[in-house]
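Encoded as structure tokens, the structure appears first; notes follow it.
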Amino acid sequence: MIIHAGRRPRTPHDHTGDREIVEWPVETDDYEAGMVEVRAAVPEGWVLLSVRVDR
């Protein structure tokens, strides 16, 4: 399966610039292991924006 994920920096409410969104795929045989990898790829100060699973 492939887990597609997206993250962006956590920004203050008055942020008016473009948001930087990073998307990446994770190939895995197990959903739980893949999600551990997805969560590990989100650095401090960023938020996990989206997760989509292709089987």
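On a predicted model such as this, the values are computed, not experimentally measured, just so you know. Start at 1 with the first residue, then count along the sequence.
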Give the table of side-chain donor-acceptor pairs shorter than 3.5 Å for residues 46-55, with sequence neighbours excluded, one pair per line with atom names and distance.
{"from": "Arg52", "atom 1": "NH2", "to": "His4", "atom 2": "NE2", "distance (Å)": "3.3"}
{"from": "Asp54", "atom 1": "OD2", "to": "His4", "atom 2": "NE2", "distance (Å)": "2.8"}

If you compare all heavy atoms of Val38 against all heavy atoms of Ala5, which two are closest, and at what distance to 0.1 Å? CG1-CB, 3.8 Å

Grab the two heavy atoms, one from Glu20 and one from Pro9, that are nearest each other, plus how far apart they are. O-CD, 2.9 Å

Quick one: side chains of residues 22-32, donor-acceptor pairs under 3.5 Å with protein atoms, not counting sequence neighbours, listed by atom name and distance.
{"from": "Thr28", "atom 1": "OG1", "to": "Asp30", "atom 2": "N", "distance (Å)": "3.2"}
{"from": "Thr28", "atom 1": "OG1", "to": "Asp30", "atom 2": "O", "distance (Å)": "2.9"}
{"from": "Asp30", "atom 1": "OD2", "to": "Glu32", "atom 2": "N", "distance (Å)": "3.3"}
{"from": "Asp30", "atom 1": "OD2", "to": "Ala33", "atom 2": "N", "distance (Å)": "2.9"}

